[in-house]
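Predicted, not measured: the structure shown is a model, and the values here were computed from it.
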Amino acid sequence: MAEEEDPEGPIIPSLYKPPALLPIAQLKEQLLYTIETYPVTIVVGETGSGKTTQIPKFLLEAGWCNTGQQIAITQPRRIACTSVAVRVAEEVGTSVGQKVGYSIRFEDVTSAATQVKFVTDGLLLREMLVDPLLSRYAVIMVDEAHERSLSSDILLSLLKKVLRKREDLRVVVSSATLEAERFLDFLSPDQGEMIHGKSKKDFGYIIGIEGRTYPVEIQYLQEPTNNYIEAAVEAVVKIHEHEPEGDILVFLTGREEIDDAIDMLGDRIAEMSSSQRKLIPLPLYAGLPTENQNMIFTKPPPGTRRVIFSTNIAEASLTIDGIVFVIDSGYVKLRSYNASLGIETLSIVPVSKASATQRAGRAGRTRPGKCFRLYTERAHQELQEATFPELARANLAPVLLQLLNLGITNLIRFDYLSPPPSSLVTRALDLLYSLDALDPYGRLTKPLGTRMAELPLEPQLARALLKATDPEFSCLSEMLSIAAMMTLQGHAFVSHDGGKKQLDAARRRFAVAEGDHLMLYNVYGAFVQAGLGNTAWCREHCLNHKNLVKAVSVRKQLAAHLDRFGIRENVLAAAGEGVLRVGGRPLAERVRRCLATGFFAHAARMKGDGSFTTVDGKTTLWAHPSSVFFNRKADWVVYSEIMEMKGKIYIRDLSAVDMDWLTEYAPEYYKIKNGRR
DNA sequence: GAGCACTGC
């Protein structure tokens, strides 16, 4: 390639300003030159720039796979992998799974012929267990890295290490403008350091690509509002009265707000003249049954305007055609982890500027649009630049377990893109130690720790599952079903027509006095018996068919992992004909004991008023209304999830236990706890 | 007493 293609000469990252943006086709030669020349290329691609589809094609044509290696493009979401793979395969003129394929959990659509592979970032991380240097790839493109998902952050840390070992590897990172320098600086050698004969300034390069979206006019409130739901409905009515045709997308934070807004808008529509009434409100959130979600993708009758009230799902995960107006509340619900209490919190917080920009952009995909922000311009200036990375606010136990399994021993000084607070790291290590996944020296135990790391489950649940084959528990088949159902995170049930009563009645049909885990087990068993394709049965019992099918896949995958460990499910037990009593203990008790071996740290005791307290008696907890213990007596329970919402702490997935079991299965944990008191 | 934003393996 010609020397004069070098676009700007050496760059100084701190002074970097995106050069004039060019459409991707015009940048083909420059992109290929940069990737050839530098180990790291950062692509600043605006929305609709075609980076995800075109860059892999360019690399393929330029012969990057001629040596038999592949090109991997990571995505944070499964849906992106499949849809982009289909499109690129079409453009290349093959069917998916041939030259172009994708690989996501439960679906590997690749073959010996596959050269370009779209993969979720989490799955590529798992692949590193088998192939730590990712030697089968010539180029790895980390797409949407600016979203700062847990997996892509970790992946970048690991790629930094791999780049130091593999001179031939090329890494492409796609990013928003804001983070470009940070990524380049992170992946590059330190000042004065040389890697493969390259110094900081000739290790990487940033390229900007022009987008193909339409301009979006932004409007702010003159005065702040104290009720953004009302303000949103007001804005919808104004747009409907004064603006030309085009659908409206409203960003709110959750289901409750969406339902309220739709009710309020319904009242306003009722007041309108019949010629004005052509306004269709629609809800959109992840928990919505699939058939209702699909209404978003069906064309409305001509002459009508749709108003979609959505959570953050419409910000990046889902694209809706025909949106011309966006109304942005300026808020989002965000999960964070309080390490000192070990409690997750779901709270409503202001969005970042990056989020606000992304939301506004949703109005300009088909023609010029408008975005109405329900806050003042001044408030916007005060927003954080970008959303806090997930790594810095998550429960780190699962990811640390995975890093240990990859041979990374010093987790405190690991080269994180954004180092998490040390309290998060120590809290996670404490938990892993209490679960016997770590020895006193912080090393992964064998085989328990390594097996826990390999299972795609929370560490506590992984431990309980691995304990299920102990003779005193003998409940592997049951624990497999329970673990699979627990990965649905409370989404086994769904109310199809908004009927709360029906939903509660359905839950009661499967409920048992022992608790929620055995209820989930009952649901799983009944579903399998009814038939995997029996959607009518699911509807009748307010069950989410898609999710139950997923549970069946998860169960299969877990069983396959265990099989690899040499742990096999007893076929008789799987058919429900196994030994029901071991040492005089009924099966249900053995399951609850087994759960206690994983969730002993999550114990609580019910008080007279139906609320719970933690073991130290300091914190009041409430059974989530979906629990069988919401209106049923209990003494001690273990739970699998604890979350603070609106100032109240809820526990989910509860099972009744004896206090003695806790001290029996986790003597050290409870000895230490007592010693401290 | 009254309810989970969104992803992923």
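- Rounding to whole angstrom units, NZ of residue Lys550(A) and P of dG8(B) are separated by 8 Å.
- Side-chain proximity of Arg335(A) to dC6(B), dC9(B), dT7(B): nearest is dC6(B).
- In this structure, Arg652(A) reaches the bases: a heavy-atom distance under 4.0 Å links it to at least one base atom across the strands shown.
- Within the 4.0 angstrom heavy-atom criterion, only backbone atoms of the sugar-phosphate kind lie near Leu123(A); the bases stay farther away.
- One atom, CZ of Arg105(A), and another, C1' of dC9(B), lie 5 Å apart when rounded to the nearest Å.
- Between dA5(B), dG3(B), dG8(B), one nucleotide has an atom nearer to the side chain of Thr120(A) than all others, and that is dG8(B).
- Counting non-hydrogen atoms under 4.0 angstrom, Glu454(A) reaches nothing in the nucleic acid.
- The number of heavy-atom neighbours closer than 6.0 Å to CD of Glu291(A), taken from other residues, nucleotides and ligands shown, is above 12.
- A close approach under 4.0 Å does occur between a side-chain nitrogen or oxygen of Lys648(A) and OP1 or OP2 of dA2(B).
- dA5(B) atom P lies 9 Å from atom CD of Glu256(A), rounded to whole Å.
- Rounded to whole angstrom, the span from the NE2 atom of His624(A) across to the C1' atom of dG1(B) amounts to 12 Å.
- Close to dC6(B), at under 4.0 Å from its OP1 or OP2, lies a side-chain N or O of Thr311(A).
- Ring geometry, His561(A) versus Phe565(A): the interplanar angle falls from 30° to 60°, so the pair is classed tilted.
- To the nearest angstrom, P of dA2(B) lies 6 Å from OH of Tyr650(A).
- Rounded to whole Å, atom C1' of dA5(B) lies 16 Å from atom CD of Gln358(A).
- Residue contacts shown for Asn631(A) include a base, since a base heavy atom lies under 4.0 Å away.
- At the heavy-atom level, Arg507(A) lies under 4.0 Å from base atoms of the strands shown.
- Enclosure of atom NZ in Lys556(A) is not indicated, since only 12 or fewer non-hydrogen atoms of other residues, nucleotides or ligands lie within 6.0 angstrom.
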Can I get a per-line list of side-chain donor-acceptor pairs under 3.5 Å for residues 327-339 of chain A, giving both atom names and the distance, sequence neighbours left out?
residue, atom, partner, partner atom, Å
Asp328(A), OD1, Gly330(A), N, 2.7
Asp328(A), OD1, Arg359(A), NH1, 2.7
Ser329(A), OG, Phe251(A), O, 2.9
Ser329(A), OG, Tyr331(A), N, 3.2
Arg335(A), NH1, Glu344(A), OE1, 3.1
Asn338(A), OD1, Ser340(A), N, 3.1
Asn338(A), OD1, Ser340(A), OG, 2.8
Asn338(A), OD1, Leu341(A), N, 3.2

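- A straight line from CZ of Phe106(A) to P of dC9(B) spans 8 Å, rounded to a whole angstrom.
- As a whole-Å value, the separation of Leu129(A) CG from dG8(B) P is 20 Å.
- The side chain of Lys500(A) has dG3(B) as its nearest neighbour among dG1(B), dA5(B), dG3(B).
- Residue Gln489(A) is classed as a base contact, given a heavy-atom separation below 4.0 Å to a base.
- Among dG3(B), dG8(B), dG1(B), the nucleotide with an atom closest to any side-chain atom of Arg77(A) is dG8(B).
- Relative ring orientation between His545(A) and Phe527(A) is described as perpendicular, the plane-to-plane angle rising above 60° on a 0-90° scale split at 30° and 60°.
- Picking from dT7(B), dA5(B), dG1(B) the nucleotide with the shortest atom distance to the side chain of Phe630(A) gives dG1(B).
- Distances from the side chain of Asp504(A) to the nucleotides dC9(B), dT7(B), dA2(B) place dA2(B) closest.
- In this structure, Leu457(A) and Thr253(A) both approach DNA chain B, and ranking their closest nucleotides by distance from the 5' end singles out Thr253(A).
- Aromatic rings from His624(A) and Tyr639(A) are positioned such that their centres are separated by 6.0 Å or more.
- With dC9(B), dA5(B), dG3(B) as the candidates, the nucleotide lying closest to the side chain of Ile104(A) is dC9(B).
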